[in-house]
Structures are given as C-alpha cells and as structure tokens.
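One structure below.
On a predicted model such as this, the values are computed, not experimentally measured, just so you know. The sequence lines fix the lettering, A, B, ..., with proteins before strands; numbering per chain opens at 1. All values below come from the heavy atoms of this structure, side chains included, with hydrogens, waters and symmetry mates left out.
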Amino acid sequence: MVLYYERHATVHIMSKSSRKNKTIPAEAAPPATAPTYGIGSVRFTLQAWVRIIIALQMMFLAKQFQPELCTNGDNAVYYILGKSIAEGEGYRDIHVAGSPKHRSFPVVFPAFLSLTAGISKTPLPAKIAVGILGALVILCCYRLFRDRLGSEFTLAFVVIIAASWLLAEYQVILMAEIPFLLLTLLAILARRKSYDKPDDKRWFWVAGTAAVLPVHCHSIGVAFSAAWVVDCLLSRRYKYAMVHVALVALTVVGPGILGAADTGPDIPSKGAFAAPFIKNVYDPEMGTLTLKGVGMRMLGNIRTHFLLLLPKAFQPYFTMWPLNVGQVLAHLTLGLVFLGLLRALFSRYRIVALYVVLYAGILAVWPIASERRIVNIFPFLALFAVDGLGALVRLFDCRRPHPFFAILRTPGGGEAAPLTAQRKVLVWGFVAILALPNLWCRLTMPPTGTVRGSDWANFYSCADWIRMNTPPDAVVLNRKQELFYLRSKRQGCMYPYTHDVDKIVDFLREKGVTHVVYDNFGWTRTTAKYLYPVIASHPDHFRVLYALKGPDTFVLEFVDR
Amino acid sequence: MKAGVLSRDAWFYPLLLAAWGAFLLVRHANYEYFGTPLEPVPFTRVAGGGLADTRVARESIKELHESFAIEKNEVERGHIHHNIGTAYYDLYRQSNQRSFLDSARVYFERSLDRVTTVARLYYNLGRVYTELRDHARAKACYELALGIDPRHILALHNLGLLNHFELGRSDTAADYLRRALAIRPHMPICNFVLGDIALARKEYRTAATYFTREIETYHRYRQSPKGLPVSASTTSYALTMSHRRLAVLFSTKLVNKGLAQRHLHAYLSLERDPEKKNRIMEEMKRYWVVQ
C-alpha cells in the first residue's frame with residue numbers, strides 16, 4: 001500500500017502563496033506530488049517520516065524522563081531564577097543569603113521557566129517544557145536544512161539528531177542548552193524567511209529580534225551574534241548587521257554603560273569574554289592566565305575535544321568497540337564534519353559554518369571542556385557530517401563524475417539526482433552506525449538525575465532535616481547551595497576556597513550563617529580540604545546537631561560569640 | 001489514508017507535544033520533591049572537637065597534601081601546613097598516639113616559617129608544646145600569640161592555666177585569667193582557678209565568690225546555644241570541683257550548713273568515682289561532728 005500523506009498540505013501551501021502573489025523560490029517550491037520513502041510497501045513522504053521519528057523520539061524520551069532535578073547545580077539555579085521572577089522577586093539569587101542580584105546567567109531561559117512556575121511547586125512542568133523544546137529543535141532542523149540536504153539526506157540527518165544521546169540527555173534536564181539551540185535555529189529560520197520575502201518588513205524585524213535572543217539565553221551566544229554580523233556583512237546585507245548591532249547594544253551593552261547593571265540582569269557577554277582568561281572559574285582569587293597559560297589551555301581543550309568529547313558526542317561507546325573500530329568510525333565522522341563545514345562556508349548556510357568556527361574558538365579557551373558545550377552546536381555538526389557524506393558519495397558517482405578538487409562545490413543532496421541503490425545502502429549504513437549505539441545508550445543508560453550515591457542521599461537528608469528543624473530564616477553553609485535551597489527552603493552560601501580558616505570564619509559571620517552542612521561527596525573533596533580545618537581549629541564554634549554515617553555527613557550549628 | 005487534521009504539522013506537533021506533556025504529568029502526578037530525613041546515628045563529639053572517627057581527619061590530610069601541587073602562594077601554603085597540623089592534632093586527640101602530635105608540631109612549625117602574623121598559628125603550636133609538656137616553649141608560643149592579638153582569649157586562658165598548674169606562678173596566672181574573664185565573662189574554668197588561688201591565699205569569701213560564679217556560668221551557658229571554647233570534660237571538672245570546694249568551705253570556714261549540704265549533694269550527683277564519693281563523705285562527717 002502506498003501512502004501519500006502530503007497531497008493536501010502541498011495544495012494548501014501553493015494556494016496560500018498564490019493568494020499573496022509572491023514568487024516562491026525554485027528550490028523551496030515543493031513538487032506537485034511529494035516523493036515517498038521506505039522499504040517495500042511501507043512508504044511515507046518525508047514529512048510523515050519526520051513526524052514518525054519525532055513521535056518515536058518522544059517515546060524514548062518519556063522512558064528517560066525523571067521528575068527530579070539532576071545533581072548539576074546550574075539546573076537548580078535556572079529553576080530558582082524562574083521561581084524568583086514568578087514570585088515577583090526580580091532577577092535574584094533567592095537561594096543565597098541576602099538574595100543578591102543574579103550576575104551570571106542571562107535572563108531568557110529563567111524568564112521562560114517562570115511561566116511554568118505557577119503550574120506546580122515541583123520542577124516537573126519546567127522539565128516537561130524543556131523536553132518539548134527539544135522536539136521543536138528537531139523540527140526546526142528539518143525545516144531549516146531540508147533544502148540543503150535534499151529529502152534522502154534530510155531523513156538521515158533527522159534520524160541522527162533524533163537518536164542522539166547527547167541531545168536527549170539535555171532534553172530531560174533543566175539546562176539552557178536546548179532553548180538556546182532552538183533560539184539560534186529560529187533566528188536562522190526567520191532570517192531565511194526574511195531573505196525569501198524581501199518586501200515583507202515583518203520578517204525583517206522578526207529575524208532582527210530573534211537574532212538577539214540567543215545572546216540573552218546563553219553567554220556563549222556572543223559567537224552567534226558575531227557570526228550573524230560577519231555573515232550579513234559578507235552577504236552585503238548591511239541593514240541586518242546594523243539592526244543586530246544596534247539591538248545588541250541596546251539590550252546588552254546599554255544597561256552596563258548606563259550603570260543599570262545593578263538593577264537589571266548582568267551583561268551576558270561578560271562571562272564569555274572574561275572566563276577564558278580566568279585561571280579557575282570556581283576560585284577567581286587565583287587570578288588570570290598568562291599568554292602562555294592561554295596557549296596551554298587551548299592545546300589541552302583542543303586535545304580533549306578531538307580525542308574525547310566530539311567522538312563521544314557521535315559515538316557514546318567509541319572507546320569500547322573491539323580493535324579500535326569505534327575510534328576509527330568516530331574520527332571518520334569528524335572528518336566528514338570538517339568537510340561539511342568547509343562546504344558550508346561556500347553555501348547559503350555560511351552563517352552556520354561561521355557560527356561553529358567562532359563557537360569552537362571560544363571552546364578552545366573556555367576554562368572547562370565539557371560535553372555540555374557541544375549540545376549547542378551538535379545538530380550543526382551532524383548537518384556537516386551528513387552533508388560531507390553526501391558530497392563524498394556524489395564525488396564518486398560514476399554517472400556524474402566531478403574533479404576531486406571540486407569537492408567543496410560538489411552539489412549536495414538537494415541539488416542532485418537520486419542516489420543509486422548501493423549508495424543508499426552506504427548512506428543508511430552510516431546512519432545506522434551512528435544512530436544504533438546512540439539509541440542503545442539511551443535505552444540502557446540510567447535516567448538522568450537518578451544516579452545518586454549515598455553521599456547525595458545523606459546530603460538531601462540533611463536538607464530535609466534542616467527544613468523540619470530550623471527556623472525559616474536560618475542560613476546554611478553547604479557545598480551545593482542551589483539544590484540544597486530547593487529541598488531545605490533555607491537560604492545558604494558556599495564557603496570560599498581558601499586555606500586561611502580565619503577568612504572562612506569571618507565569611508560565616510559576614511553572611512550570618514547559622515548552620516553548616518559537612519558533606520562527604522565522592523565527586524569533590526573541597527569540604528574535607530577547606531571546611532574540615534575550620535571545624536577542627538574552631539571546635540567551640542560548631543556543635544553537631546544531626547549526624548549520618550556512610551559516608552559521614554553532619555549538620556552543625558555555627559555558634560558565633 | 002486521506003489527509004485529515006493530523007496531516008498538517010500545525011495540528012500534529014502541538015497535539016503530539018501536548019499529549020506527551022500530559023502523559024508525563026499524569027505519570028508523575030504523585031511525585032513529591034521533598035523527603036523525610038534519614039534516621040540519625042548517635043554521635044558524641046570526640047575530645048579534640050573533630051568529627052566522627054579518624055577517617056574525616058585522614059581524608060582532609062590527603063586532600064591538603066594534594067593542594068600543595070597547585071598552590072604556589074607562600075602564605076596559602078603556610079595555611080595548608082597549618083591545616084594539616086590541625087588535622088594531625090585532631091587525630092592525636094582521638095587516638096592519643098604520640099606520633100600524630102609530633103607530626104602536628106612539624107607542620108605547625110613549617111606554617112610559622114611562612115605565616116608569622118596570625119595569632120592562632122602560635123596558639124596552636126603552644127597547645128602542642130603543652131601536650132608535649134614542653135612548658136617553656138608553650139609559654140613562649142602563647143605569649144607570641146598575645147603579642148599579635150592581646151585579646152586572644154584562648155591564649156590568655158591557656159597561659160593562666162599553664163602558670164597556675166605547671167609553673168606555679170599564681171599571681172601571673174590570676175592576672176591572665178582576670179584578663180580572659182574581662183573579655184569573656186563566661187569563660188569556663190577561669191573562675192574555678194581564681195577561686196583556688198584565693199583559697200591558697202586564705203581569702204575564703206573571695207574564693208567562695210569565684211566558685212559560685214563558676215557554677216552559675218556553667219548552668220547559664222549549658223542552656224544557651226553558645227558553644228564552650230574548652231572541652232566538656234574540663235568544664236565538667238571545674239563544675240564538680242567547685243561544688244566540692246564550696247561544700248568544704250561552707251562546712252569549715254564560712255559555716256553554712258544548708259549551703260554545705262546543697263553543694264555536697266550536687267558534688268555527689270556529679271562525681272562518678274565511688275572512692276572519691278566515700279572520701280568526701282568521710283571528710284564531711286568529720287567536719288559536722290566537730291561542729
């Protein structure tokens with residue numbers, strides 16, 4: 001049975017366009033009858049396949065989904081900021097003693113989360129909302145890049161990003177990565193619409209506004225803003241560049257220049273500019289790096305990204321395959337990514353390539369190399385990989401041979417004739433090699449946020465004890481103040497990283513600390529390093545109120561005289 | 001299949017995502033973010049004020065040693081040495097092993113090679129020398145601490161006790177202890193020692209006043225949330241002995257049978273050693289028969 005899902009949709013698009021008397025660009029015009037894909041009699045149109053893939057992806061995601069916040073402190077900070085906005089407290093760290101203005105994360109994602117705060121007192125609706133945004137990311141990718149890749153490769157691309165363990169991981173935790181990614185995609189999509197409809201000024205302003213949102217969602221969005229301006233200048237779209245610069249100046253730099261930073265959100269770009277030169281982001285007192293230090297960090301970051309993080313983003317088990325096959329496959333994929341990136345630089349999707357290059361530049365000097373940063377560009381990397389594969393396949397097509405040096409301009413899937421059966425097997429084999437380990441990883445990996453050792457259980461138990469046994473205005477010193485606040489409903493602070501115990505005692509007095517949680521986390525030993533000497537050298541200042549074993553965890557009262 | 005409502009993305013995706021969200025909301029409808037605290041373990045603080053057993057101190061020492069690799073600042077390195085010394089001293093108080101005390105001394109001395117402006121560092125080395133019964137060095141360390149911070153209450157306190165119990169200089173001891181009480185009137189054991197000094201000078205009323213203050217201070221601060229800067233055993237010793245001294249004083253020099261009986265009963269309820277109890281009973285019977 002042959003299924004044609006899209007006939008009416010096509011007619012609708014055509015009639016809508018003709019009603020407005022607009023010319024549809026040749027490459028965007030859908031054929032009168034959409035081609036179908038599949039095996040045997042099970043055939044669907046591309047759009048139907050995408051729906052099926054997204055529906056399946058959401059099913060997988062429902063299995064992975066856990067209502068708890070994961071143990072990463074940042075997701076708690078985002079949630080708390082959303083709560084603060086929803087409760088009318090402003091953009092404040094209400095979990096910190098004194099509720100100071102927040103100075104680190106841009107405002108867009110917390111503002112979005114504030115919309116969910118009224119639904120429930122738990123983070124559940126906020127987490128569901130982020131999961132939904134993740135599905136929209138896949139949909140946007142499909143809409144944005146189908147012209148570039150053509151139907152066959154678009155399907156492969158959608159399968160790869162829908163199967164990705166990395167994107168799925170960040171869809172089920174409360175991080176700004178997925179919303180940021182969606183905003184970058186929406187901005188590029190809006191700009192393309194605006195280019196396609198030059199007479200429609202609404203799209204121009206929609207694109208201009210959308211382009212400013214990423215930098216307000218994630219500090220690293222400065223890379224996107226820079227790519228936007230450079231691409232607009234190279235394309236001689238000066239108005240787009242000027243409007244973007246003006247809007248960024250108005251919304252980002254303006255408050256800082258006017259001295260309004262104390263009353264408004266922090267300058268989002270500050271973190272992105274300052275962080276690369278700070279020795280230790282968790283201990284700013286350590287000062288800034290020398291030029292040699294920056295160079296060493298760059299080398300280290302490049303090595304970490306190319307040998308570990310990027311291969312792992314595509315192949316979660318790349319080190320576990322026999323005979324290093326996983327490593328070879330992962331690095332072949334990276335080779336395709338590089339090829340696709342070069343090709344994109346010469347295409348109408350140059351902004352994506354520029355963005356990824358600038359983003360990689362920031363990653364090279366970023367103090368912490370983490371898979372988290374790759375989420376923001378993963379769909380683009382997958383796009384490059386598929387596009388690179390498409391170019392290679394076309395290059396060796398005996399029906400239409402191309403000179404090797406023309407590989408950068410070899411037509412992509414969208415511009416070329418259908419693939420032969422053998423090449424289809426090659427492409428789908430590549431997709432299977434990428435997608436199956438990712439799906440396996442998603443099926444077998446413990447759901448995010450549930451992997452908690454007894455150290456976390458004891459820590460949260462202390463928070464529960466504090467909530468039930470201390471006055472509401474108690475101030476609690478602890479290692480994870482954001483997560484602790486949500487559970488204990490008590491404001492807190494984190495000890496400074498100094499070996500001078502008197503400085504820490506002065507800090508406790510200054511913050512009005514009433515209780516201290518002595519944790520025994522397995523992932524960090526800072527409490528043993530910095531807090532234990534304080535307790536041991538000032539025994540009269542601390543009194544144990546609540547103690548747990550395995551590992552030893554305490555709630556102590558801070559007795560100041 | 002004929003194209004229907006679901007054939008358009010504008011309908012399909014909102015419906016799909018809404019259904020997904022609703023499914024998760026229903027599935028986790030009973031989810032409660034807050035929990036109930038785990039059952040606490042009985043906990044008695046060790047003599048040195050450390051936490052639990054020696055594991056915590058040992059882990060701290062390990063972590064602090066690793067800090068040397070990344071810490072280049074000499075002052076911070078001095079503090080690391082001091083903190084390792086503190087952890088070793090804590091281990092000594094828990095296990096009573098002399099080797100820990102020697103390690104603590106070594107690290108405290110190293111810290112003073114790098115940091116010379118912090119009174120606490122001298123005070124802690126003084127404590128180690130006190131334990132090692134090197135009283136001359138201990139005294140020098142406490143005095144250096146006071147040279148930096150004349151109001152260092154613990155240095156004043158320890159100098160007072162050192163002069164009284166070990167060096168036999170009651171006048172000097174009384175001077176330090178009065179200074180300590182001027183800064184912190186509820187400082188434990190100070191009143192008791194001052195009472196003993198007055199007793200030696202046969203100033204019985206003054207002695208009785210100091211012993212009574214010691215007892216009052218104990219009861220006042222036992223109920224308050226404030227911690228005590230000296231160990232519980234020392235504080236308890238001062239309380240018990242103050243009751244005993246007063247029982248004897250009110251039986252002999254400042255005759256008041258009611259007060260004598262009250263302090264005797266208080267002493268008997270606090271004293272755990274039956275031999276000491278019998279001894280005081282015999283002594284008391286003698287006084288009361290005489291009277």
Heavy-atom distance under 4.5 Å between the side chains of B/Thr36 and A/Trp465, does that happen here?
-> no
B/Glu76 versus A/Thr498: any side-chain heavy-atom pair under 4.5 Å? yes
From the list B/Arg120, B/Glu59, B/Arg27, the residue making the most non-hydrogen contacts under 4.5 Å with chain A is B/Arg120
Bottom line for A/Ile119: the part with an atom under 4.5 Å from chain B's heavy atoms is neither
Is B/Tyr33 close to A/Lys121 at the side-chain level, that is, under 4.5 Å between some pair of heavy atoms?
-> no
Most heavy-atom pairs under 4.5 Å with chain A, out of B/Val118, B/Ile84, B/Leu25, belong to B/Leu25
Point to revise | Pairwise side-chain contact, A/Glu68 with B/Tyr31, heavy-atom cut-off 4.5 Å (strictly under) | key: yes
Honestly, the part of B/Glu39 sitting under 4.5 Å from a heavy atom of chain A is backbone
Turns out that what part of A/Pro123 lies under 4.5 Å from chain B's heavy atoms comes down to side chain
The interface call for A/Val50 against chain B, heavy-atom contacts under 4.5 Å, is both
> Considering only heavy atoms from C-beta outward, does the side chain of B/Asp9 approach that of A/Arg51 to under 4.5 Å?
Replying inline: yes
So, the part of B/Tyr89 with a heavy atom under 4.5 Å from chain A: the answer is neither
If one checks every heavy atom of A/Lys489 against chain B at 4.5 Å, the contacting part turns out to be side chain
* Asked: Is there a side-chain contact between B/Trp20 and A/Leu61, using heavy atoms and a 4.5 Å cut-off?
  -> yes
Looking only at B/Ser67, B/Ala19, B/Ala87, B/Gly21, most heavy-atom pairs under 4.5 Å shared with chain A are made by B/Ser67
Is there a side-chain contact between A/Lys529 and B/Asn83 (heavy atoms, below 4.5 Å)? no
The interface call for A/Leu486 against chain B, heavy-atom contacts under 4.5 Å, is both
Honestly, the part of A/Asn520 sitting under 4.5 Å from a heavy atom of chain B is side chain
**Q.** Derivation of the side chain to side chain contact (heavy atoms under 4.5 Å, CB included) call for B/His28 and A/Phe65
**A.** CA-CA 10 Å; B/His28 299 291; A/Phe65 188 90; 3.8 Å; yes
So, the part of B/Arg77 with a heavy atom under 4.5 Å from chain A: the answer is neither
If one checks every heavy atom of A/Leu124 against chain B at 4.5 Å, the contacting part turns out to be side chain
Okay, B/Ile80 and chain A: the region with an atom under 4.5 Å from a heavy atom over there is both
The test is side chain to side chain contact (heavy atoms under 4.5 Å, CB included); show your working for B/Val75 and A/Asp500 and say whether it passes. CA-CA 9 Å; B/Val75 175; A/Asp500 186 344; over 6 Å; no
* To do: Answer yes or no: is there a side-chain heavy-atom contact under 4.5 Å between B/His82 and A/His499?
  => no
